[in-house]
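Before any comments, here is the structure.
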Amino acid sequence: MVVGDNVNSVEVLVVGGGPGGYSVAERCASQGLLVALVERAELGGTCLNVGCIPSKSLLHVAELAASARHSSDLGIDLSATVSMPRVQTWMQSVIDKLRGGVGARMASHKVDVIRGELRFEGPTRAIVVSDGSPQRFEFERVVIATGSTPIELGVLPIDGRRVIDSAGALALDHLPATMAVVGGGYIGVEIGTAYAKLGVKVTIVDNAPRIIASMPEALVRPVVRHLETLGVELLLGASVTGHDDKGLLINDSSGSVRMVPAEVILSAVGRKPNTAGLGLEFLGVELTPTGHVNVDGQRRAAANVYAIGDITEGPALAHKAVAEAEVVASAIGGSGARFEPACIPAIVFSDPEIVSVGLTAEEAAAEQIDAGTARRPLSASGRALTLDRTDGFMELVFNKQDRTILGIHMVGAGVAEMAGEAALAIEMAITVDDLALVIHPHPTLSEELPELANTAIGKLGRNG
Ligand code: FAD
């Protein structure tokens, strides 16, 4: 509604059109609230436009190319020629379809989508600046979901040509001969794996002693082995000092200066919350020591202010943002909902994929829980054999006292699709006895879960 002085008055103002923002806007509007969502770039945010979706699309294309090269092992002689402009056209078509879907959801819920960059001007006022004339908003409540952006190393400024961020790497219209990936976290490993499979000579450089430090080391080992077979070089314990026309300059783990040949350098050293320039000082919110917006259990940052997604602490994952959106919409609707998940599933779409849901044995021990583990290699799985991918394992962590499942951790080709079942088991606090009784279809990787539960029961003894 437009009031005097051309100010739009809304009940809920949402800043950011990523998974957090569009989800909370939809949920609030479905309660009959007057909602406006402001987005400075594209609906869908990082995840849909330059993150989750293009990275998984590229990984799919890369896997097709790589499996063509390895098909002769299975008796088929194929060859793969990659045209990056056509790959990009296909990837863009996936993004466009999903973005259109988000737009349709906003329209069907009567969410007013405003294009432009928002800045707060007071505790209940904001201005949105776009190409056209600025628009002012008066709001009763605001949800900040402005996400995050890549961190830039001082010694390695991103120029968008030679040194690129993940968005640039996902938009390449040609295959460089060589690529140096700075940062062995999940983004660097996923994109590095994709390009290695597409035939690029990839080197991953990290100053940590191992890659994907966010995941337990045992789960990462099969990934390291596979990267080696793809010809990816890992330079760990190394620090970047800059770059020249031939490549990336580093001090390697022995302290020697070294040049890593790189036509393109991907900087993937982490992301920081988008708080700068928002005018957050008008809202009375606090920032945590990590620069995130400080929120309570309802994702409330001040009396009429909520914050969700990457701008808050916790894993920077799309499904966390969506779950927080659900809580905020319920809180705005007057319920006492709180964000207290039993687990937030984490996946690395490496090869093989890594899934970690719930507590590891070490985490359980740190919480003084008497926990046991059961592990099975994928070489025991009929399905893994039929897929010609037996590298990896699954592990169940269970409470020895009450027999509940505390964690499910897996590494293997195709295990990402089982993360939801793992989360369901933990969120519902089922026991190993429950899991053992659930009929799982044959032949699937999921059959390993009741097998693991039976192994756990073997260790615990039968119940009752
Ligand atoms: P975002 O999606 O970042 O959306 C925030 C939006 O706010 C942006 O569109 C931005 O333009 C807008 N904005 C910011 N400031 C303003 C302003 N002042 N005014 C107006 N608009 C503004 N997560 C997963 O769960 N699974 C994955 O497989 C996965 N893969 C990823 C791969 C890559 C390469 C990257 C970079 C990220 C990946 N992520 C993945 C993380 C995921 O993208 C984020 O966790 C998710 O997008 C966070 O959602 P959000 O709503 O908090 O913010």
Side-chain angles (χ1 to χ4, degrees), residues 13-25 36-60 91 99 102 113-120 126-130 134-135 137 142-151 164-171 181 183 185-194 214 266-280 292-293 295 299 306-325 328 344-350 353-355 416 419:
L13 182 66
V14 178
V15 197
Y22 69 69
S23 302
V24 78
L37 179 152
V38 185
E39 170 55 57
R40 66 181 176 191
E42 298 287 355
L43 273 183
T46 303
C47 182
L48 198 161
N49 297 291
V50 292
C52 328
I53 296 301
S55 60
K56 275 65 207 184
S57 303
L58 185 68
L59 277 163
H60 175 62
M91 285 168 54
R99 200 192 282 154
V102 174
V113 176
I114 315 291
R115 303 285 167 171
E117 177 129 12
L118 180 140
R119 190 163 33 84
F120 294 105
I127 183 169
V128 177
V129 182
S130 63
Q135 294 189 60
F137 285 84
V142 64
V143 185
I144 308 167
T146 48
S148 59
T149 24
I151 292 171
I164 54 178
D165 61 13
S166 56
L170 293 168
V181 178
Y186 85 90
I187 292 177
V189 168
E190 288 184 8
I191 297 178
T193 301
S214 59
L266 162 59
S267 173
V269 293
R271 296 179 66 86
K272 58 177 184 211
N274 286 333
T275 51
L278 265 175
L280 288 179
H292 294 84
V293 175
V295 287
R299 283 3 202 180
Y306 298 84
I308 56 176
D310 285 10
I311 198 167
T312 61
E313 282 185 336
L317 294 169
H319 42 280
K320 180 224 174 211
V322 173
E324 290 175 314
V328 167
I344 301 176
I347 303 178
V348 181
F349 288 83
S350 45
E353 293 159 353
I354 298 176
V355 169

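Just so you know, these numbers come straight off a predicted model, no measurement behind them. We count ligands from 1, going down the list as the structure has it; atoms in each ligand are counted the same way. We number each residue from 1, following the sequence as shown.
To the nearest 0.5 Å, the span separating CD on E39 from OG1 on T146 amounts to 10.0 Å. A distance of 6.5 Å separates CD1 of I347 from NE2 of H319, quoted to the nearest 0.5 Å.
Atom 38 (C) of ligand 1 has its closest protein heavy atom at Y186 OH, 3.2 Å. In terms of protein heavy atoms, atom 21 (N) of ligand 1 is closest to R40 N, 3.1 Å. Regarding atom 44 (C) of ligand 1, its nearest protein heavy-atom neighbour is D310 OD2, 3.3 Å. Annotation: atom 14 (C) of ligand 1 to nearest protein heavy atom, T146 O, 3.3 Å. Considering only non-hydrogen protein atoms, atom 53 (O) of ligand 1 sits nearest to G147 CA, 3.2 Å. Protein heavy atom at the shortest distance from atom 3 (O) of ligand 1 is T46 OG1, 2.6 Å. Of all protein heavy atoms, the one closest to atom 42 (C) of ligand 1 is C52 SG, 3.9 Å.
Ligand 1 lies nowhere less than 4.0 angstrom from a heavy atom belonging to Y22.
Proximity of R40 to N274: side-chain heavy atoms (C-beta onward) are separated by under 4.5 Å at one or more points. Side-chain contact check for R299 versus V143: every heavy-atom pair is 4.5 Å or farther apart. Proximity of D165 to V50: side-chain heavy atoms (C-beta onward) are nowhere separated by under 4.5 Å. The side-chain heavy atoms of L170 and I191, taken from C-beta on, include a pair separated by under 4.5 Å. Two residues are said to be in side-chain contact when any heavy atoms from C-beta on lie closer than 4.5 Å; P273 and V293 fail this criterion.
Contacts between I187 and ligand 1 below 4.0 angstrom, taking non-hydrogen atoms only, involve the side chain exclusively. By the criterion of a heavy-atom distance under 4.0 Å, the side chain of R271, and not its backbone, is placed next to ligand 1. Residue contacts with ligand 1 for K56 involve side-chain atoms from C-beta outward but no N, CA, C or O (heavy atoms, distance under 4.0 Å). In S148, the part holding a heavy atom less than 4.0 Å from any atom of ligand 1 is the backbone.
The main-chain N or O of V128 is never found under 3.5 Å from a side-chain atom of Q135 such that the two would form a donor-acceptor pair. Checked by atom type and distance alone, the side chain of E190 pairs as donor or acceptor with a backbone atom of F349 at under 3.5 Å. At least one donor-acceptor pair closer than 3.5 Å links the side chain of S57 to the backbone N or O of I53.
Residue contact check: G18 has heavy atoms under 4.0 Å from atoms 2 (O), 4 (O), 51 (O) of ligand 1. For ligand 1, the atoms sitting less than 4.0 Å from at least one non-hydrogen atom of E117 are 18 (N), 19 (N), numbered in the order shown with element in parentheses. Contact atoms of ligand 1 toward L118: 17 (C), 18 (N), 19 (N), 20 (C) (distance under 4.0 Å to a heavy atom of the residue). Within ligand 1, the atoms closer than 4.0 Å to a non-hydrogen atom of V38 are 20 (C), 21 (N), numbered from 1 in the order shown. If you number the atoms of ligand 1 from 1 as listed, the ones under 4.0 Å from a heavy atom of S55 come out as 32 (C). Counting the atoms of ligand 1 from 1 in the order shown, those under 4.0 Å from a heavy atom of L317 are 23 (N), 24 (C), 25 (O), 45 (O).
Considering all non-hydrogen atoms of both residues, P54 and C47 come closest at CD-O, 3.8 Å. Here the closest heavy-atom approach between residue A36 and residue I114 is recorded as CB-CG1, 4.5 Å. Taking all atoms of both residues into account, the shortest heavy-atom contact from A169 to L266 is CB-CD1, 3.9 Å.
Between the choices G51, G309, P19, the shortest heavy-atom distance to atom 49 (O) of ligand 1 belongs to P19. Nearest-residue assignment for atom 51 (O) of ligand 1 (options G20, G116, P315; heavy-atom criterion): G20. Taking each of A318, P345, A145 in turn, the one with a heavy atom nearest to atom 23 (N) of ligand 1 proves to be A318. Considering A316, A416, G45, P150 only, the shortest heavy-atom separation from atom 41 (C) of ligand 1 involves A316. Nearest to atom 43 (O) of ligand 1 by heavy atom, out of A167, G16, P273, C47, is C47. The heavy atom nearest to atom 10 (C) of ligand 1, out of those in E39, E324, R115, is found in E39.
In terms of N/O distances under 3.5 Å, ligand 1 is not approached by F349. For the pair L278 and ligand 1, the shortest N or O to N or O distance does not fall below 3.5 Å. Close N/O approach between S166 and ligand 1 is not found [any backbone or side-chain N/O within under 3.5 Å]. Remark: ligand 1 and E190 share no N or O pair separated by less than 3.5 Å (distance only, no angle test). Where the criterion is an N or O separation shorter than 3.5 Å, residue side chain and backbone included, L170 fails it with respect to ligand 1.
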(request) With side-chain contact (heavy atoms from CB on, under 4.5 Å) as the test, would you mind laying out the steps for L278 and E117 before giving the verdict? (result) CA-CA 9 Å; L278 265 175; E117 177 129 12; over 6 Å; no
(request) Output, in order, the C-alpha distance, side-chain angles, deciding distance and verdict of side-chain contact (heavy atoms from CB on, under 4.5 Å) for V15 and F120. (result) CA-CA 10 Å; V15 197; F120 294 105; 4.0 Å; yes
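In terms of the side-chain hydrogen bond (donor to acceptor under 3.5 Å, both in side chains) criterion, residue partners of S148 (sequence neighbours excluded) are, by chain and number, R271, D310. Under the rule for a side-chain hydrogen bond (donor to acceptor under 3.5 Å, both in side chains), the partners of H292 that lie at least two apart in sequence or sit in another chain are T290.
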